[in-house]
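Side chains included, hydrogens not; waters and symmetry mates left out as well; all remaining heavy atoms used.
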Amino acid sequence: MPAAKNVSLVSMPWNSVIRPSIQVGILRSLAESEGWQVDARYSYLDFYGLAQRMLGFSDEKWSEAYELVSEKLYHLSVGDWIFSCRRGDAERREAYFAQLRARRVDDTSIELVDALREVADRHVERTAAELLESAPDVVGFTSMFSQNGPSLAVAERLRDLGYGGVIVLGGSNCEGSMGRALLANYPAVDAIVDGPGEDAFVTLLRQAEAGGPLRTRGRLVTRLPADDDAAPAAPLTAAAALDVPTPNYDGFFEQLHAAGLHGLESEITLPVEFSRGCWWGAKTHCTFCGLNGATMAYRSKNPDTVADELRHLMDRYGVLDFFAVDNILDLKYLDTALPSVEKLNTDHSLFFEVKANMEWADIRAVRRAGVRSVQPGIESLSTEGLRHLRKGATAYQNIRFLLGCAEYGVRADWNILTGYPHETPDSLKAQLDVVASLTHLTPPHITLIRFDRFSPYVEAPESYGLTLTSPLPGYQYAYPRLSPEDLWDIAYHFEGDFTDDPDNGPVRRRLAARVRLWRAHHESARFSYRLGFDSVTLTDERPGLPPHTTTLRGEEARLFRAVVGGTRFRDLQGQEWQGERWDQALETLRTWRRKRWVYIEGTKVIALAVREQPSAYRTPPPKGTPRRARTPVPLTLTARP
């Protein structure tokens, strides 16, 4: 039997240069367990160093330029275009630049994009030559976001240079029709992996080692059909635990230094993965979310392994900062995995995505386990808007979450979504009003809705009065050889038409302007409280509100203490505020609402001030309002004909 035992795993631009690719790390562990020699290539590091030298940019200027292409211009397919059209003709180049200008991209940014084509060309040549020199039997590219163009460019150059081994493409860009369109239109690629890649990658390695032609099997898709006795891909179920190896990041730091990027070492965060899928999406799929196309069923790792994995990575690589790629934190970990992580007694930091209906006690628990930053799925500060987005939360819960993060020293990186079907002026005005009260909290980003593959908006657009009109315009320039039909199959983001209230536009602009002011003045904003024995001192320095320091005493102080962390009117009445005292307390709360000291939604109220010295070792308030069981919302995903 042929002795095919060398595999190169490649992650191309535009991955974050302060993180090793977790896909490469996991697949390296798997390949080595199968007895293969692995060449792990973090090629985005080489590109980053090469581009900075060729452009002559300072560290700061190039960091901003790289972020511009990889993040801010991602939706215009700029990163893909730079590689796929690095030698494109002048007419197509000018047509694309006209499209960028139409989308308000300035000439300085366009000049950068143009200059990066030469860098991309040299990087493709260099990467292909180095891969040939290592003589791999299999080359695997992992592709997500803007990595298709760079990966396909190197794959095609390898074929031009005579490479005859196996080339496989996997990652989120290959799920469903997207991967099949890549396989059909790019002969350089022998196989793609549709969905979770571990089992499919092992299947490919075993087929390559056996020396026969590659055949479709499970989530491994090739140009040859499956054998008659081959089983289809096993469905993913929530009952099965997530069983994937700890990523192997050996070589990342060597390549970082070889690329001349020593200065970035202190900023490195290591990606970790403890779960896949989304336990909320499995119940009620948020309308806009296109994540988890094949993997919505929620699975998490054995909680007993979490602390050990973090300890291993800290010990092996000397890094204390971690970025969980999970779509949502497993709430069972609050009582299982995270207490063990806290007992590591190290000064590590963790990032997680979370659902924003967590109690303050939960926020305190994650902070004590080292979770210093989170991305909560807030999306709106309007309960009406949240209902249309099917978030399963209220504005009160979202505000309470943000206050809890401030109370316990957790940074929340969050978004407000606008421009979605059924949005109303009232929902926008509600947010416009409330943001003036919250300027002492971490400000959000304002994001216009996009329609993403696998989301309910795209799977069943008619349910939302939506008509999908085309893929985003950047795709036709990044993939100039593809037909309109193939562009529909390969695209992840789409444009759509729906009936929008004409009054929405002006209010959206006002909301965006208000958030810009929030971001501009947040550092100087403050609304805090200090607790005395029988007093509460409030210091208010929020922009646009009268600055003051006020000391509450006696019954007012007790009432303010009672609404810290949030409570219900009936719970207040069950304490000391009854009869006439309740009438007086209610009037006080309404006065405080006018002063923007508290937020009231229905019969729930929460103080908006934050304790002057955040601490994760403070006793949290009692748990909030008990939640009623929600009626499940049935969802049927239908493929586009």
Side-chain angles (χ1 to χ4, degrees), residues 8-15 21 23-24 27 43 74 77-86 120 124 127-128 131 138-160 163 165-197 200-201 203-204 207-208 213-226 233 290 293-295 452-454 458 471-472 474-494 639-640:
S8 290
L9 299 172
V10 187
S11 181
M12 294 290 289
W14 299 82
N15 201 82
S21 163
Q23 297 88 348
V24 168
L27 294 180
S43 291
Y74 156 71
S77 300
V78 168
D80 286 310
W81 182 87
I82 287 169
F83 277 83
S84 63
C85 299
R86 64 195 184 281
V124 168
T127 304
L131 284 169
V138 174
V139 178
F141 293 93
T142 176
S143 182
M144 59 188 298
F145 299 118
S146 298
Q147 290 181 304
N148 267 357
S151 299
L152 293 168
V154 173
E156 292 180 329
R157 187 59 184 147
L158 283 171
R159 295 305 190 201
D160 291 342
Y163 177 69
V166 172
I167 295 180
V168 59
L169 197 64
S172 58
N173 284 343
C174 297
E175 287 196 61
S177 70
M178 297 184 293
R180 285 161 175 79
L182 289 170
L183 188 63
N185 287 280
Y186 292 90
V189 178
D190 297 302
I192 60 100
V193 175
D194 179 2
F201 186 63
T203 297
L204 179 137
Q207 289 189 16
L214 299 179
R215 285 193 171 274
T216 297
R217 187 178 185 88
R219 298 190 182 280
L220 177 67
V221 182
T222 74
R223 291 187 174 83
L224 293 178
T295 58
D452 294 350
R453 186 179 296 278
F454 306 124
V458 171
L472 288 189
Y475 287 107
Q476 64 179 301
Y477 299 99
Y479 301 94
R481 292 179 290 175
L482 268 58
S483 68
E485 293 75 19
D486 287 329
L487 286 176
W488 272 96
D489 288 335
I490 212 168
Y492 184 73
H493 304 295
F494 300 88
R640 183 180 63 82

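Residues passing the side chain to side chain contact (heavy atoms under 4.5 Å, CB included) test with Asn15, sequence neighbours excluded: Ser11, Tyr44, Gln147. Phe83 is linked by a ring-ring contact (aromatic ring centres under 6.0 Å, His included) to Phe47, counting only residues two or more places apart in sequence or in another chain. Shown here are the side chain to side chain contact (heavy atoms under 4.5 Å, CB included) partners of Glu156, two or more places apart in sequence or in another chain: Tyr186, Ala188, Arg481. Arg159 pairs by the side-chain hydrogen bond (donor to acceptor under 3.5 Å, both in side chains) definition with Asp190, not counting sequence neighbours. Applying the side chain to side chain contact (heavy atoms under 4.5 Å, CB included) test to Thr127 and every residue at least two apart in sequence or in another chain returns Met12, Ser43, His123, Leu131, Val154. In terms of the ring-ring contact (aromatic ring centres under 6.0 Å, His included) criterion, residue partners of Tyr74 (sequence neighbours excluded) are, by chain and number, Phe145, His493.
Within the 4.5 Å cutoff, no side-chain heavy atoms of Leu27 are placed close to those of Thr142. Side chains of Asp80 and Leu152 form no contact here, defined as non-hydrogen atoms less than 4.5 Å apart. Using a 4.5 Å heavy-atom cutoff, the side chains of Gln207 and Leu220 are in contact. In this structure, the side chains of Met144 and Tyr492 stay at 4.5 Å or more apart for every pair of heavy atoms. Taking the side chain as every heavy atom from C-beta outward, Ser77 and Leu472 never approach each other to under 4.5 Å.
With Tyr163 contributing its side chain and Ala128 its backbone, the two residues share no donor-acceptor pair below 3.5 Å. With Arg217 contributing its side chain and Thr222 its backbone, the two residues share no donor-acceptor pair below 3.5 Å. No donor-acceptor pair under 3.5 Å is formed between the side chain of Arg180 and the backbone N or O of Ile192. With hydrogens and angles disregarded, no donor-acceptor distance shorter than 3.5 Å links the side chain of Ser143 to the backbone of Gly170. Between the side chain of Arg453 and the backbone N or O of Ala491 there is at least one donor-acceptor pair closer than 3.5 Å.
With hydrogens and angles left out, the side-chain atoms of Ser483 and Asp486 include a donor and acceptor closer than 3.5 Å. Side chains of Tyr479 and Asn148: a donor-acceptor N/O pair is present below 3.5 angstrom, by distance only.
The minimum heavy-atom distance linking Val138 with Val168 is given by the pair CG1-CG1, 4.3 Å. Residue Ala155 comes nearest to Ile167 through the heavy atom pair O-CD1, 3.9 Å, listed as atom of the first residue, atom of the second, then distance. The two atoms that bring Gly176 and Asp194 nearest to each other are N-OD1, 3.0 Å, heavy atoms only. Nearest heavy-atom pair, Pro213 versus Leu224, reported as atom, atom and distance to 0.1 Å: CB-CD1, 3.6 Å. Residue Val24 comes nearest to Ser21 through the heavy atom pair N-OG, 3.2 Å, listed as atom of the first residue, atom of the second, then distance. The shortest non-hydrogen separation linking Trp14 to Ser146 is CD1-O, 3.5 Å.
Taken from OH in Tyr475 to CH2 in Trp488, the straight-line distance is 11.5 Å, to the nearest 0.5 Å.
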Problem set entry | side-chain contact (heavy atoms from CB on, under 4.5 Å) between Asp489 and Leu482, worked out | CA-CA 10 Å; Asp489 288 335; Leu482 268 58; over 6 Å; no
Exercise. Yes or no on side-chain contact (heavy atoms from CB on, under 4.5 Å) for Leu182 and Val189, after CA distance, side-chain angles and deciding distance?
Worked result: CA-CA 8 Å; Leu182 289 170; Val189 178; over 6 Å; no
Exercise. Given the rule in the side-chain contact (heavy atoms from CB on, under 4.5 Å) test, do Phe454 and Met178 qualify, once you have shown the distances and angles that lead to the verdict?
Worked result: CA-CA 11 Å; Phe454 306 124; Met178 297 184 293; 3.9 Å; yes
